[in-house]
Number of protein chains: 2
Amino acid sequence: MVDHQYAFKQFTDYLRSEGKSITPERLDILDLVLHEKGHFRIEDVIRKNERVSRATVYRTLKTIEDAGLIKYIRTIHDEKIFEVVKEHHDHMICEVCGKIIEFHDPELESLQNDICASRGFSPTRHTMKIFGICPACQKRRSQENTPA
Amino acid sequence: MVDHQYAFKQFTDYLRSEGKSITPERLDILDLVLHEKGHFRIEDVIRKNERVSRATVYRTLKTIEDAGLIKYIRTIHDEKIFEVVKEHHDHMICEVCGKIIEFHDPELESLQNDICASRGFSPTRHTMKIFGICPACQKRRSQENTPA
DNA sequence: AAAATAATTGAGACTGATTCTCAATTATTG
DNA sequence: CAATAATTGAGAATCAGTCTCAATTATTTT
């Protein structure tokens, strides 16, 4: 879970620092986004918030992204999927059921930094996606191949 | 460089195995793609091959991708960039000049496998992108900040 | 708190990328 | 070579995302 209070403060601070207005539309969308469990698509936000226009949803999601509160990844099918930014983490994506599993590994992070350093590249951020089959789908598959 | 001869064989084998026809359009596009240095965009292929229709370029690039000969990544600006598949590698992407640097690190690969194993996830492939500033742009920047 | 100013919104037009349709063409098979 | 199956091209259609601009709302100024 994300601290909503804190997220709202971060967002309004960001808006003020950029000379942008604090509007009910923006707060509504942030609220909706914070209540999303896990990952969500833009269409979800548009559908669940008919009061706000499609254009404003797009604009506002980009603003919230610029504020550093959400980010997106691409699924196997190239769908844009948003998520609320928590601590940094990477993703495992199941190619069978589409499930997205988050993970974080400090060793991986430091190894990445080493690799960059050895090449004179100055990293700011990274994304890593591992595609494969999640435990549940592996189990289901092995059951299907061994019928009663 | 990629062995063209071998790539053509792989492609025609793939087509045959899928019951697909071997057409001049498909071979032309594969040929063009193999001659691309590094990374290319779909529009490049369409422009350089006016004999073949836009629709067929799209269809054929997907076919070549399915055959495992090319793949694509997304840049910072969400552009689709294709590349010929060589040995597996990951990418560093410069946020200043857009340059794409390929790298491969066996330690990274085995660490990824360990991480998956510990979570019961069976990996098939992965993508990793590190965004940051390339050596050339770092140098250029530091020069700009220290004028003569 | 009203006026003046600046930013935002909504509706729908627009764009660019990609997919679809289907008749005409070309490859494959027997 | 004829019959069959797959592919192609041209343009229509779709889709996500952006843009326009007048009307509305937030912010700042007096």
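Excluded from the calculations below are hydrogen atoms, water molecules and symmetry mates; all remaining heavy atoms, backbone and side chain alike, are included.
Distances shown here put every side-chain N or O of B:S21 at or beyond 4.0 Å from the OP1 or OP2 atom of C:dA27. Within the structure, every side-chain polar atom (N or O) of A:T23 is placed at least 4.0 Å from both OP1 and OP2 of D:dT25.
Between the C1' atom of C:dG10 and the CD atom of A:E50 lies a distance of 14 Å, rounded to the nearest Å. Between B:E25 atom CD and C:dT25 atom P the separation is 14 Å, expressed in whole Å. Rounded to whole Å, the distance from CD1 on A:I22 to C1' on C:dT8 is 13 Å. A:E18 has its CD atom 18 Å from the P atom of C:dA6, to the nearest Å. Summarising the geometry, the separation between CD on A:E79 and C1' on D:dA16 is reported as 12 Å, rounded to the nearest angstrom. For B:D78 and C:dT18, the CG to C1' distance is 15 Å, given to the nearest whole Å. In this structure, NE2 of B:H77 is placed 17 Å from C1' of C:dG16, rounded to the nearest angstrom. Atom pair A:Y58:OH and C:dG12:C1' shows a separation of 15 Å (rounding to whole Å applied).
Taking a cutoff of 4.0 Å between a charged side-chain nitrogen and a carboxylate oxygen, A:D44 and A:K48 do not qualify as a salt bridge. Ion pairing between a basic and an acidic side chain is recognised when a charged N comes within 4.0 Å of a carboxylate O; A:E43 and A:R54 show such pairing. A salt bridge links B:R51 to B:D28: at least one charged side-chain nitrogen sits closer than 4.0 Å to a carboxylate oxygen. Between A:D66 and A:K62 there is no salt bridge, since no side-chain nitrogen of the basic residue lies less than 4.0 Å from a carboxylate oxygen of the acidic one.
The residue among B:K80 and A:T60 whose nearest nucleotide of DNA chain C lies closer to the 5′ end is A:T60. Each of B:K62 and B:K20 was assigned the nucleotide of DNA chain C with the nearest heavy atom; the assignment lying further toward the 5' end belongs to B:K62.
Heavy atoms of other residues, nucleotides or ligands lying less than 6.0 angstrom from CD of B:E65 number more than 12.
Among the heavy atoms of the strands lying under 4.0 Å from B:R51 are primed sugar atoms or P, OP1, OP2 only; no base atom is included. Here B:R54 lies in heavy-atom contact (under 4.0 Å) with a base.
Applying the 3.5 Å distance criterion, the base of D:dG9 shares a donor-acceptor pair with the side chain of B:R59.
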